[in-house]
Student: 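Below is a structure I'd like to ask you about.
To find a chain, count down the sequence lines: A is the first, B the second, and so on, and within it residues start at 1. The analysis underlying the following values was restricted to heavy atoms, covering all of them including side chains, and did not include hydrogens, waters or symmetry mates.
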Amino acid sequence: MDKYEQVIELAKRRGFLWNSFELYGGTAGFYDYGPLGSTLKRRIEQIWRETYVVQEGYMEIEAPTIGIEEVFVASGHVGGFSDPLCECKCCGEAFRADHLVDKIVAVADSLNNEELDKVIKENNVKCPECEGDLGETYEFNLMFKTNIGPGAGRQGYMRPETAQGMFVDFLRLARFYREKLPFGATQIGKSYRNEISPRQGVIRLREFTQAEAEIFIDPNDKKHANFSRFANTVINLYSDEGQDREEVEKMPLGEAVKNGIIAHEFLAYQIGLTNHFLQRVGITADKLRFRQHKKDEMAHYAIDCWDAEIETDRFGWVEVVGIADRTDYDLKAHAGVSKTELSIYREYSEPKIVTQFVVKPNMGKLGPLFKGKAKAVADALKALGQAELEQDNITVVVDGEEFTVPGEIVEFADETVKISGENIIPHVIEPSYGIDRIFYSTMEHAFEEEMVAGKEDTEEEARIVMRLRKEVAPVQVAILPLLTREELINPAKSIEIQLKQKGLLVSYDDSGTIGRRYRRNDEIGTPYSVTIDYDTLEDNSVTIRDRDNMKQIRAPMEGIADLLHELIYMGKDFESAGKAL
RNA sequence: GCGGCUGUGGUUUAGUGGUAUGACCGGAGCUUCCCAAGCUCUGAACUCGGGUUCGAAUCCCGGCAGCCGCACCA
């Protein structure tokens, strides 16, 4: 049994992860989060919110999970997220139909399926593997399609990423942030991709949770105001160049920016933040690295892109976060499809006084002369220089047609104008998190099986313990009366109420022996157990047990809720929190 | 989607053409003053569908799911 199997087995047994629709045989690519899994996941998300929304100030929005066609035309998902596939009738291999014919026709990727089939047939293209006949081309789009409204309605798609919601709301967001860069917005929610063959548990799902931030920054200023926070943070960097040598370098972020390894401060800050977040939810530092996209794998519009990768036992390095400088690509794309300018006005610190050469065609005269072509002629005139305009008859060519314009109806001059600012299209920095993958990694890195002494020094036995960070553990305190006796149950119940009022996640358990209950809680990662025994009735004190080292202290019942709260959230030292036992 | 392997209580496992073994587990009770103790009782399974057969969980075919490889993975 490898670690993946052990973790998945535990997750299933203890209510973290269940295969969806199991009652009906299950469906690949979907998982249910059980009671503990759901809680753990929410706590990871909560820390993400704390990091990005509260600390960084990138407010959360909530856009629909169903999107309309235009959005995904602009994002490129309608065209680029689907591939024309055709399969060999003989060996069953699937191929990209457009790739098969790209040597035959130059514009292979712009052909539709019928045209592709025609080219394949006419040129007698065969299966590259076995020379067999090829079947018909069909479209495979990774987006789930749906209909909006009754009847034919309108084509809708389940969103394949949450990012588009922030882009579509750009103008509203800009207004909300009083049109001052940088600003950002976040979204945590479900995304959907109809993967061909999802596998590897929760690593590749058809419905998964993303947490994304879209941060809009000044394209001319990619410094980060708070960069000093991470300038000295040492990160495992697996750079483009480092990958050629298969070498991960440990380097402070400040140095990486200075050396030009990371494109700029803003991106480096995001890497620092991601590193901070992942370790806070329990990812082991030396199983975490940042891998730079190689030039050829990076989207053509991106300047620089780094993936946070986590090492897992079975799957090796798994990509869990992508951090990219997407430039102005997305805003430009949406501006194009929506025919709306998506930019922000930036005032100069001092207005610029510029001398411009201005051409002013007299439209009152151009109109009657050129009728419908007048506008095009005027535009052509505006592109000319002084020398050409000074002629008596000016010749311009519009749509291959030559027009002669009398010089006297075109005025031009050098004019001095004051320009106090400009419209700029912000660049987008995008950290994009796969929460489910982080969830799994958190569990795997917390999972440990150790040998401990058994009862009364019998031989050693295995103890499974989930060393989840206290902040993310789905149960924070177990309340255990030592024996199932009413006189112990009553004070235990009263402690349970106190802790719940303090907002702690508690679980009361009086079934089975105390040792069994400790082990049950070790397995689900409960950091502290509070045991009520007969001494409690004498002196109002209880035992608190630490999950990680099984050590115990004695602390008064009075103020127990505050004490546990401090242990869990304030990093209070355990052994000095009470009398050691 | 293609190919290979696999599928027995919640978990894990034995086994066979005649309805299934054990362990852990869960529940009730007894016992028990701190690390999966013990005792009693109890709960719970042959992945689904079709075929062959008097009879299928076992043999055959197909579906589904899991794992591995290929392809795919903005």
Side-chain angles (χ1 to χ4, degrees), chain A residues 1-2 4-6 8-15 18-30 72 75-83 85-88 90-96 129-130 135 138 140-143 159-161 163-164 191 193-201 203-206 297-302 305 314 319 322 324 326 329-330 432 452-458 461-465 480-485 488 511-523 529-537 542-545 547 550-552 554 581:
Chain A
M1 252 221 224
D2 66 7
Y4 172 78
E5 247 176 299
Q6 287 182 297
I8 290 294
E9 188 265 313
L10 186 149
K12 198 191 279 180
R13 198 159 38 83
R14 290 302 195 183
W18 297 321
N19 218 312
S20 294
F21 316 118
E22 222 179 355
L23 183 60
Y24 294 102
T27 298
F30 297 95
F72 300 116
S75 70
H77 287 102
V78 168
F81 218 56
S82 85
D83 299 321
L85 293 184
C86 76
E87 279 170 25
C88 172
C90 180
C91 68
E93 280 294 319
F95 303 94
R96 285 280 297 269
E129 287 292 317
C130 75
Y138 61 93
F140 189 82
N141 191 301
L142 258 7
M143 284 193 295
R159 65 180 178 196
E161 59 175 26
Q164 299 308 321
S191 292
R193 293 178 198 180
N194 202 1
E195 298 283 352
I196 299 172
S197 112
R199 237 182 268 168
Q200 312 178 324
I203 303 287
R204 267 184 80 191
L205 292 169
R206 290 190 166 123
E297 80 180 283
M298 198 155 46
H300 61 90
Y301 48 80
C305 184
R314 180 182 285 195
E319 174 197 342
R326 301 178 56 94
Y329 175 81
D330 305 278
S432 170
V452 294
K455 195 174 190 175
E456 282 155 18
D457 293 325
T458 50
E461 56 191 15
R463 176 175 88 118
I464 290 175
V465 53
L480 316 170
L482 187 61
L483 300 172
T484 322
R485 296 263 175 78
L488 297 179
S511 122
T513 61
I514 188 70
R516 176 189 298 276
R517 283 177 276 158
Y518 283 151
R519 291 303 159 79
R520 272 205 284 250
N521 277 289
D522 287 342
E523 218 177 42
S529 297
V530 172
T531 307
I532 292 85
D533 58 22
Y534 280 95
D535 288 345
T536 309
L537 304 181
V542 293
T543 303
I544 305 176
R545 170 187 181 269
R547 168 199 71 197
M550 300 162 70
K551 283 184 180 163
Q552 301 185 323
R554 202 74 196 175
L581 290 180

Student: For Arg326(A), which contact category applies under a 4.0 Å heavy-atom criterion: base, sugar-phosphate, or nothing?
Tutor: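 Answer is nothing: Arg326(A) stays at 4.0 Å or more from every strand.
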Student: Quick check: any donor-acceptor pair below 3.5 Å linking the side-chain of Tyr518(A) to the base of rC34(B)?
Tutor: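 Such a pair is found, so the answer is yes.
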Student: rC34(B) base to Asp533(A) side chain: any donor-acceptor pair below 3.5 Å?
Tutor: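 Flag set: donor-acceptor pair detected.
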Student: Give a yes-or-no answer on whether the side chains of Arg545(A) and Tyr518(A) include a donor-acceptor pair shorter than 3.5 Å.
Tutor: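 Not at all, the side chains of Arg545(A) and Tyr518(A) share no donor-acceptor pair under 3.5 Å.
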Student: Under 3.5 Å for both donor-acceptor distances, Watson-Crick or wobble: does rG7(B) have a partner, and if so which one?
Tutor: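 When the pairing criteria are applied, rC64(B) turns out to be the nucleotide that pairs with rG7(B).
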Student: Could you run down nucleotides 22-31 of chain B 5' to 3' and tag each one B, S or - for protein heavy-atom contact under 4.0 Å?
Tutor: ---SSS----
Student: With respect to the side chain of Asn19(A), which nucleotide from rC68(B), rU12(B), rA65(B) is positioned closest?
Tutor: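 Nearest listed nucleotide: rA65(B).
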Student: Can you identify which nucleotide, out of rU11(B), rC70(B), rA36(B), has its nearest atom closest to the Ser197(A) side chain?
Tutor: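 Closest of the options to the side chain of Ser197(A): rC70(B).
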Student: Just N and O in the side chain of Arg547(A): are any of them under 4.0 Å from OP1 or OP2 of rC35(B)?
Tutor: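 Negative; the distance criterion is not met.
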Student: What's the gap between rC64(B) and rU21(B) when it is taken at their C1' atoms, as a whole Å value?
Tutor: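 Straight-line distance between the two C1' atoms is 28 Å.
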Student: For Tyr534(A), check ring pair (Phe, Tyr, Trp, His ring centres under 6.0 Å) against everything at least two apart and list the hits.
Tutor: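 Scan of Tyr534(A) (ring pair (Phe, Tyr, Trp, His ring centres under 6.0 Å), adjacent residues dropped) gives none.
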Student: Distance check: side-chain N/O of Thr513(A) vs OP1/OP2 of rA37(B), anything under 4.0 Å?
Tutor: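 Answer is yes, contact under 4.0 Å.
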Student: Taking the minimum atom-to-atom distance to the side chain of Thr543(A), which one of rC73(B), rC34(B), rC70(B) wins?
Tutor: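 Output: rC34(B).
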Student: With syn defined as a glycosidic angle within 90° of 0 and anti as everything else, classify rU19(B).
Tutor: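 rU19(B): syn.
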Student: Please tell me which of the listed nucleotides, rA71(B), rC35(B), rU11(B), lies nearest to the side chain of Gln552(A)?
Tutor: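 Closest nucleotide to the Gln552(A) side chain: rC35(B).
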Student: Using atom C1' of each nucleotide, how far apart are rG29(B) and rG63(B) to the nearest Å?
Tutor: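 Approximately 46 Å lies between the C1' atom of rG29(B) and that of rG63(B).
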Student: Rounded to the nearest angstrom, tell me the gap between atom CD1 in Ile8(A) and atom C1' in rA65(B).
Tutor: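 Ile8(A) atom CD1 is separated from rA65(B) atom C1' by 14 Å.
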Student: So which atom in Arg159(A) and which in Phe72(A) form the shortest heavy-atom distance, rounded to 0.1 Å?
Tutor: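 So the minimum-distance heavy-atom pair works out to CA-CZ, 3.7 Å.
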Student: Distance check: side-chain N/O of Tyr4(A) vs OP1/OP2 of rC67(B), anything under 4.0 Å?
Tutor: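 Looking at the OP1 and OP2 atoms of rC67(B), one of them is under 4.0 Å from a side-chain N or O of Tyr4(A).
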Student: Can you tell me, in whole Å, how much space there is between the P of rA56(B) and that of rC68(B)?
Tutor: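 That atom pair is separated by 36 Å.
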